[in-house]
Peer 1: 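Here it is, the structure, as structure tokens.
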Amino acid sequence: MNDKIIPSVDQLKIIINQEEIEAKIAELGKTISNDYAGKELIMVGVLRGSAYFLVDLTRKMHIPFAIDFISISSYREQSETAGVVRITKDLDLNISGKHVLIVEDIVDTGLSLGYLLRNLKTRNPADLKICTLVNVEARRIVEVPVEYKGFDLPNIFVVGYGLDYKEKYRNLQFIAEFNRP
Ligand code: IMP
Ligand code: MG
């Protein structure tokens, strides 16, 4: 493969392969469809990391629903600990009275989602829950209720399947531990 597209192998260790991700997403799609059957559901993807997960997850769902996106600035863009979160692209849909499922790539410290939950709650959704592909409990600073999760991981930095290092490697078909230079 082209080393301009994927990092060098010594920087990458595959943690979750493509088959495991596909199987987990199929399972989540089924569970979520069953849980939200008959409800007015809006699936909210948090840009940009959740894009791959949201698309694949929704393709495994068998109920009608709407999709929307929200973008928040990550504290990681400045530094690991700045703790500043703000909405850079808001929802287009009105979520009042709707069942909202936030779809994330990873819940790490919980700072971003803690902020997002507080913000979206003020818009009076019927219900507000979280679905994340990766959950890192060991890093949690803010307690956030995670209703649906793909994989629990220890405190390691991962890329792939939407997760980036400096905006790159989101398109990897697997999730890999990445040794940051
Ligand atoms: P939080 O710490 O839960 O607020 O997560 C903030 C954001 O940091 C996530 O949505 C990801 O975009 C990013 N992030 C956290 N951990 C990782 C990682 O291991 N790899 C890539 N991005 C990460
Ligand atoms: Mg993100």
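Counting starts at 1 for both ligands and their atoms, in listed order.
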Peer 1: Residue-level breakdown please: for I156 versus ligand 1, do any non-hydrogen atoms fall below 4.0 Å on the side chain, on the backbone, on both, or on neither?
Peer 2: backbone
Peer 1: Are K60 and E27 close enough for a salt bridge, meaning some N to O gap below 4.0 Å?
Peer 2: no
Peer 1: Heavy atoms only, cut-off 4.0 Å: how does E104 contact ligand 1, side chain, backbone, both, or neither?
Peer 2: side chain
Peer 1: Roughly how far, to the nearest 0.5 Å, is CG of D56 from OH of Y161?
Peer 2: 3.0 Å
Peer 1: When you measure from atom 20 (N) of ligand 1 to each heavy atom in T132, L111, D164, V158, which option holds the nearest one?
Peer 2: V158
Peer 1: side-chain contact (heavy atoms from CB on, under 4.5 Å) with D152: which of V136, V146, N135, V134?
Peer 2: N135
Peer 1: Any non-hydrogen atom of G110 lying under 4.0 Å from ligand 1?
Peer 2: yes
Peer 1: Hey, can you tell me if F157 and Y165 have their rings parallel, tilted or perpendicular (30° and 60° cut-offs)?
Peer 2: perpendicular
Peer 1: Looking at non-hydrogen atoms alone, which of G114, G160, S73, S112 comes nearest to atom 5 (O) of ligand 1?
Peer 2: S112
Peer 1: Below 6.0 angstrom between ring centroids: does that apply to F178 and Y169?
Peer 2: yes
